[in-house]
Each structure stands twice: as C-alpha cells, then as structure tokens.
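Data first, discussion second: the structure below is written as structure tokens.
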There are 2 protein chains.
Amino acid sequence: MLVSGGPRLRGRYHHGDLAPALVEAGLAQLGERGPAAFSVAEVARRVGVSTAAPYRHFADRDTFLAAVAARAATLLAAAMTEAVDGLADPAERLAGAAGAYAAFVAEHRVGLDVIFSPGLRAVRDTDLAATGRAVMSRLLDPSRELAGDGALHLVEQVVALAHGYGTLDADGFLTADRVTDEPTTARARRAALALIAGASGAGARAVVPPSRP
Amino acid sequence: MLVSGGPRLRGRYHHGDLAPALVEAGLAQLGERGPAAFSVAEVARRVGVSTAAPYRHFADRDTFLAAVAARAATLLAAAMTEAVDGLADPAERLAGAAGAYAAFVAEHRVGLDVIFSPGLRAVRDTDLAATGRAVMSRLLDPSRELAGDGALHLVEQVVALAHGYGTLDADGFLTADRVTDEPTTARARRAALALIAGASGAGARAVVPPSRP
DNA sequence: GTCTATAGAGCGATAGAC
DNA sequence: GTCTATCGCTCTATAGAC
C-alpha cells in the first residue's frame, strides 16, 4: 500500500503514515527473503525512505521484526478463522485450520516459530503475544472437542504437520518433485484429517504418551 | 575432532587434514546457529585457522555449505537406518525413520530443505545428491509396502510431519510450552504412527488425492 | 597450505542538519 | 520526521608473502 502519487517521488519523500507502511513492506519482504535475511535497511529502501527513517518508529531491528510478526499473526488468525467458518465437525475445523496455517507459512514464511521466537520474546510485544494466543486457540478449540485432555498432544502433532508442509513448500521442496499440482492448503488439510483419524480412531493411546512408571 | 596438542596453538597452525576438519566444524556450527547464519569465517575461527584458509579447499561459501550438507545427509541416512534396524513392520519402519529424521533436524538444523536446497543445487555436489536419495529411500521403501502407488503421497505427509517436529523443536517452540518431557524422537514417531494408521486405516482416499475431472 | 592484509559490500545504529 | 553522512562491525573473496 503506497500513498497516492505513486511509489517513486523525487527528492524528499514525505509519508503520511510511515510505521504501518513499513510493517506492510516488512511483511512482503519476509515472504520473499525469509526471517533470517530480514533487514531494516532493505525494507526502508522498498518503501522509499532512508535507512535511518525506520528508527524513528521502532527502537531496533528486533522491535521492528516483532511488529511485523504481530501483523502476520493477525493475518494468520484471520485466515484460519475464515478457513473454518461454517464448519461444524471439529475434525474438519482442526484440519481446515491446519491447511490455512500451512498455506500462510508457505507464502509469508512466518509461523509459530517466529511468533513465539525466543529472540523476539525479549521485546515483549503485547500484540504479538495476544495474537499468538489467538492463533493457538483456533487449533486448540476443535482439538479439545476431539481429544479432551489429550488436546495439547493432538495440537502439537497437527501443528508439526502443518508447519512442516509450510516450511518445506516455502523452501521449494514440495514444488521440486511435485507429485500433484494440488495446492499446499489441500494437501496439508488432507494429511491432518488422516492424522486426526489415526490419532483418535486407533485409540487415544496414539495421542497421549504412555504414563511413566 | 582436533589434532593432538589441543585446539589453541600459538603462531602458525599447521593442520594435517583441514578440509574434513572444516566440514566437521561446519556441521557443529550449523547445529548451533542454523543454515542462514552459516559463515565461512566463523567456521575457520572455530577450527583455529585464518579466514582465508577454507578457500584453498572450497571454491566459495556455497560449495563449502554443500559439502557440509552432504556430510549431514550421510549422518542422517545412517541415523535413520539404525533407527529402523531389525524392524519388520513397515509402519514401524516408516515411523521410526520419521522419528530419527525429526531428532536429527532438531539437533543439526539440517533436513531435506537444505539437502535439496535450490541454492545448493547449482553447486551440483554429487555426494549431496546421492546421499539425499539415500535418505529418501529410507522413507520410500517402507512407504511402498504400505501404500503402493500412494507411496509418494504418504512419504510427503510423513516427511512434513517429521520436518515440522524437527524445525519447531530447533526453534524452541516445543520446549517452550512443553507438555511432556518425552524426547522429540518419540513424539514424532508416535505422531507418524497415528498418521500412517489414519492414512491407510480410514481408507486410501486419505492418502491419494481425488482424481481430477 | 597457511598466513597477513586488504578490497568491497551490507547491515545496525547514531549524530546532526533541516 | 525525514534526510545525509558516518562509524563500527561482519562477511566473502582475493593477492601476495612465507
């Protein structure tokens, strides 16, 4: 999103609302280069401001990254909500949320790894923590209906599955030797359904770890 | 592994076999800092040689990284082989390989994403390609017994699951809100068993995508 | 084969002009 | 609030001494 007049103004570049524009550009860049290559300077260039400008709005790189991650978490929660909207069956809801999660990670390269990153935890971004919990509840709510006390275990398994689909797709592994042209969303969703079926169907012992002696 | 005399020699540092020592140190560093932060200079420092020394043995950073990845792939294939050694049931073998994969990724931060990385594909390291196939066959062989024509789909699902467990653990997500003190290996293995059960048990339609109209 | 030294680049962050 | 300019750091890679 750029101000009216186009992205490339000559000379001074006055911006109405730089902070959100930086966050938006940061999100786009995260999707293209990944969290490791995330650079304040490059985001500034992308928006068309000097490399010093972001530091008027964000204390340092990590604070900025946390703000971008918080924005991503908001979008992720929304995407997951939309994906399960109108679904009654908890297995369908959990699998739908997993599919949306995988697709989001594949596209934006942000998932629970970044949202709950230990590096960003020091920044203590309130938005990030709250939205992270929102993402988790999209998974936990249907999981509780399915597995009761074993909900956390089931969520862990489904999250791992969805996260794996997202990251492998982002790294070009799934597209390399693609066996279907089915999108990531559908593949992850179907795999999650199988996992859920196997975890609950073959007995809850598949989900809950054996009690320790 | 360092030459006798200890890691810290004064003055000139003569090394018997620098190349393998660099690969080994690179592997250790990969596990600590991750592939993105992988740096030739830091590996050289870790071994105790100048930052120029590695370039006598490897053309550039990517070639070096490919060699490290090839070494990792060898270890990974061995770990997976050992994990399934003596197991007859193909489901147990596939799940065991998945557990070993997850644990390896958690510890070394190298998985199929790095081994089949598009960035390293340009280097065309023969070892890397061959060992990557060896890793895949540990998963594909039992999968074929289980799913026949749907083997590739099942492997994709299991790989995504194991990769998710490995990366999330490496990023500190699983340890953060740990729900068990069960190790990653066992968790990923059990989740894989559930997935396999659900994929084959509830009908093969869970594995193979619907045929297109 | 390893060293020292260096060029050249990118990034994080700050200082001071406007 | 944004700019220009700059410092200090790390990294990749090369040149040349030994």
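Since the structure is predicted, the reported quantities are computational estimates derived from the model, not experimental observations. So you know, we letter chains A, B, ... as the sequences are listed, proteins then strands, and number each from 1.
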Nucleotide nearest [X] (side chain, heavy atoms from C-beta), chosen from [options]:
{"X": "Ala53(B)", "options": "dC3(C), dA13(C), dT12(D)", "result": "dC3(C)"}
{"X": "Ala52(B)", "options": "dG1(D), dA5(C), dT2(C)", "result": "dA5(C)"}
{"X": "Arg56(A)", "options": "dT2(C), dT12(D), dG1(D)", "result": "dG1(D)"}
{"X": "Tyr55(B)", "options": "dT14(D), dC11(C), dG16(C)", "result": "dT14(D)"}
{"X": "His57(A)", "options": "dA13(D), dG1(D), dT2(C)", "result": "dG1(D)"}

To the nearest Å, how far apart are [X] [atom1] and [N] [atom2]?
{"X": "Phe38(B)", "N": "dT10(D)", "atom1": "CZ", "atom2": "P", "answer": "18 Å"}
{"X": "Asp17(A)", "N": "dG1(D)", "atom1": "CG", "atom2": "P", "answer": "10 Å"}
{"X": "Asp60(B)", "N": "dA13(D)", "atom1": "CG", "atom2": "P", "answer": "5 Å"}
{"X": "Gln29(B)", "N": "dC11(D)", "atom1": "CD", "atom2": "C1'", "answer": "12 Å"}
{"X": "Glu42(B)", "N": "dT10(D)", "atom1": "CD", "atom2": "C1'", "answer": "10 Å"}
{"X": "Asp62(B)", "N": "dT12(D)", "atom1": "CG", "atom2": "C1'", "answer": "11 Å"}

Select base, sugar-phosphate, or nothing to describe what [X] touches, counting heavy atoms under 4.0 Å on all strands.
{"X": "Phe58(B)", "value": "nothing"}
{"X": "Arg61(B)", "value": "sugar-phosphate"}
{"X": "Ser50(B)", "value": "base"}
{"X": "Ala41(A)", "value": "sugar-phosphate"}

Quiz item: Any ion pair linking Asp62(B) and Arg121(B) (charged N to carboxylate O, less than 4.0 Å)?
Solution: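 Asp62(B) and Arg121(B): not salt-bridged.
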
Quiz item: Do Glu92(A) and Arg189(A) sit within salt-bridge range, that is, some charged N less than 4.0 Å from a carboxylate O?
Solution: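 Yes, Glu92(A) and Arg189(A) are salt-bridged.
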
Quiz item: Can you tell me if the side-chain N/O atoms of Thr51(A) get under 4.0 Å from OP1 or OP2 in dG12(C)?
Solution: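 Indeed not, no polar side-chain atom of Thr51(A) lies that close.
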
Quiz item: Between Arg45(A) and dC11(C), is there a side-chain N or O to OP1/OP2 distance below 4.0 Å?
Solution: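 So the side chain of Arg45(A) is within the cut-off, an N or O lying under 4.0 Å from OP1 or OP2 of dC11(C).
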
Quiz item: Is there any ring pair (Phe, Tyr, Trp, His ring centres under 6.0 Å) pair reaching into residues 28-57 of chain B, and which pairs are they, with sequence neighbours excluded?
Solution: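 Matches after skipping sequence neighbours: Phe38(B)-Phe64(B).
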
Self-check item: Residues Arg109(A), Asp169(A); criterion salt bridge (charged side-chain N to carboxylate O under 4.0 Å, His left out); working and verdict
Solution: CA-CA 10 Å; Arg109(A) 288 178 172 266; Asp169(A) 193 11; over 6 Å; no

Quiz prompt | Pairs where residues 64-79 of chain B contributes a residue and the test salt bridge (charged side-chain N to carboxylate O under 4.0 Å, His left out) is met, not counting sequence neighbours | solution =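 Output for this query lists Glu24(B)-Arg71(B).
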
Exercise. Please figure out whether Ala59(A) or Arg33(A) has its closest DNA chain C nucleotide nearer the 5' end.
Key: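 Whichever sits nearer the 5' end wins; that is Arg33(A).
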
